[in-house]
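Protein chains get the first letters and strands the later ones, always in sequence-line order, with residue 1 at the start of each.
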2 protein chains.
Amino acid sequence: MGVRKEKAAGTEAALKDAARQLFVERGYLNTKITDITRAAGRSTGSFYEHFPSKEALLDALMNDLRDQASQELRGQSHPAHPADHDLADREQLRAHLAAAWRTMRDNLPVVLATHEATVAAGPASGQAWQELATGTEMLRDHLEQAHRRGQPLPGDPELVAAAMGAMLSSLAYALLPAGAGGGPARWSDDQILDTVTSLLLTGLRG
Amino acid sequence: MGVRKEKAAGTEAALKDAARQLFVERGYLNTKITDITRAAGRSTGSFYEHFPSKEALLDALMNDLRDQASQELRGQSHPAHPADHDLADREQLRAHLAAAWRTMRDNLPVVLATHEATVAAGPASGQAWQELATGTEMLRDHLEQAHRRGQPLPGDPELVAAAMGAMLSSLAYALLPAGAGGGPARWSDDQILDTVTSLLLTGLRG
DNA sequence: GTCTATACGCGGATAGAC
DNA sequence: GTCTATCCGCGTATAGAC
């Protein structure tokens, strides 16, 4: 890997890379197929040899993300992610939120693009709720287990999980992109995570 | 007002009404200008006599909303909204959240459309943060005042306010639209508000 | 002010040579 | 597999009669 990836990578990979970059810069909806091919140094027609549409490309990017994630999990100390986490413990809650935050930051292009696609699907599609629900499955599991252990919860575990996820992902969308948040980052990741952790753990009464 | 509004209202109003309806049903981005004129029973060309573009129409709808809101405030017992609210008090916090929730529900078309427009503007525009910040100004004021009173907060008031607003508005976008949330409403407004209030007030530890 | 008809451009998608 | 050239549909916007 001497001179970047260059043409070393295949066209498909080049298109993916270009797409990722453009998705963060201009957004998914504003990025046209021709923008992607041009940025990748390929011709328009070449695109369709690899993807039938822009949506298909995004699907592929999401699959890449999933594959990578499950691979990392397999090769690590997490056999299946210990389900006996106690989210009422500050360290564990923060670790959880930090992991989610990091994942979003590391995969910002795909995360942003997916969100844009969801919104573009329209309110009646129900995709917004679905995105929220599937993105907080783990959280919900932990909360349900805690609930079974007798710990009091602010409400239905699924709803609580969704609320927590809503806060985090919405903040991510507003603050993570470069140039967002009103210029140079106002808050560090640590500050944000500390604040959210405290707020979710003990609320305004602290 | 015997047979609905009918043609009694001017064309401009008819276009606005049609737009509002379509924005909730199909979404702002998916709604074409021709869809609006057709739903309003007018011709395509007539649209441009009243609005130069779809964005301008949305602006007009937002202004209508603002005018109405400030009018209601003037005619009521709120001279300027008592700034000495204590959000650490359960009743007051809930009332606040309920008011916000109700406003979003009552003006769902405009709220949804604005959000779609914000997302469509792309991540680098910073509009997402701006929307969040301006939508939580009151909240921030209250928190800053509480902070000045010596009450401990989970973090920077502006960030805390944004986090709270993020949770609420994101839940609204996922749950308020008809057909969202997986069919018939899983949770009542009261359940949702109770849950969010508790979560924000005392956190997971309850 | 409202209509019908139409022009225009953008972007998605394909044809066919190399 | 990649290219160039081109087609086509959709949606915006305008022209001009009524």
Side-chain angles (χ1 to χ4, degrees), chain A residues 5-61 64 109 112-114 116-117 119-125, chain B residues 4-61 109 112-113 116-117 119-122 124-125:
Chain A
K5 53 246 167 191
E6 290 300 324
K7 296 293 182 79
T11 296
E12 184 170 322
L15 289 173
K16 283 179 178 175
D17 284 346
R20 270 186 278 256
Q21 187 179 347
L22 290 172
F23 288 172
V24 260
E25 289 176 359
R26 316 182 187 179
Y28 170 74
L29 297 173
N30 289 328
T31 299
K32 308 306 167 193
I33 290 179
T34 53
D35 296 330
I36 298 173
T37 53
R38 183 159 16 88
R42 313 299 159 117
S43 71
T44 307
S46 193
F47 179 91
Y48 296 92
E49 194 66 31
H50 301 273
F51 309 100
S53 66
K54 198 173 68 170
E55 295 75 45
L57 193 167
L58 180 55
D59 280 351
L61 291 181
D64 288 356
L112 294 177
T114 304
E116 284 188 46
V119 169
S125 72
Chain B
R4 307 278 177 178
K5 52 245 168 189
E6 291 300 325
K7 297 293 183 80
T11 296
E12 184 170 320
L15 289 172
K16 283 179 179 175
D17 284 346
R20 271 186 277 256
Q21 187 178 348
L22 289 172
F23 288 172
V24 259
E25 289 175 357
R26 315 182 188 180
Y28 170 75
L29 296 173
N30 289 328
T31 299
K32 308 306 168 193
I33 290 179
T34 53
D35 296 331
I36 298 173
T37 53
R38 182 158 17 89
R42 314 299 159 116
S43 72
T44 307
S46 192
F47 180 91
Y48 296 92
E49 195 67 29
H50 301 273
F51 309 100
S53 66
K54 198 173 67 170
E55 295 75 47
L57 194 166
L58 180 53
D59 280 351
L61 291 180
L112 293 177
E116 285 187 47
V119 169
S125 71

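Residues A:H50 and A:L15 approach most closely at CD2-CD1, 4.2 Å, considering heavy atoms. Of all non-hydrogen atoms in B:R26 and A:P123, the two that sit nearest each other are C-CD, 4.1 Å.
Side-chain N or O atoms of B:E116 include one that pairs as donor or acceptor with a backbone N or O of B:L29 at under 3.5 Å. No side-chain donor-acceptor contact under 3.5 Å links A:S46 to the backbone of A:S43.
Rounded to an integer number of Å, the gap from B:L29 CG to D:dC10 P is 19 Å. The distance between atom OH of A:Y28 and atom C1' of C:dG11, rounded to the nearest whole Å, is 14 Å. Distance, A:F51 CZ to C:dG12 P: 15 Å, rounded to whole Å. Rounding to whole angstrom units, CD of residue A:E49 and P of D:dT4 are separated by 15 Å. Between the P atom of D:dT2 and the CZ atom of A:F47 lies a distance of 13 Å, rounded to the nearest Å. Atom CG of A:D35 and atom C1' of C:dG11 are 10 Å apart (whole Å). Rounded to whole Å, the distance from CZ on A:R38 to C1' on C:dC10 is 13 Å. Rounded to a whole Å, the CZ atom of B:R42 is 13 Å from the P atom of C:dT4.
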Under 4.0 Å protein heavy-atom contact, by nucleotide of nucleotides 11-18 of chain D - B base, S sugar-phosphate only:
SBBB----

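Salt bridge annotation for A:R38-A:D35: present, with a cationic side-chain nitrogen under 4.0 angstrom from a carboxylate oxygen.
Among residues at least two apart or in separate chains, ring-ring contact (aromatic ring centres under 6.0 Å, His included) pairs with a member in residues 27-46 of chain A are A:F23-A:Y28.
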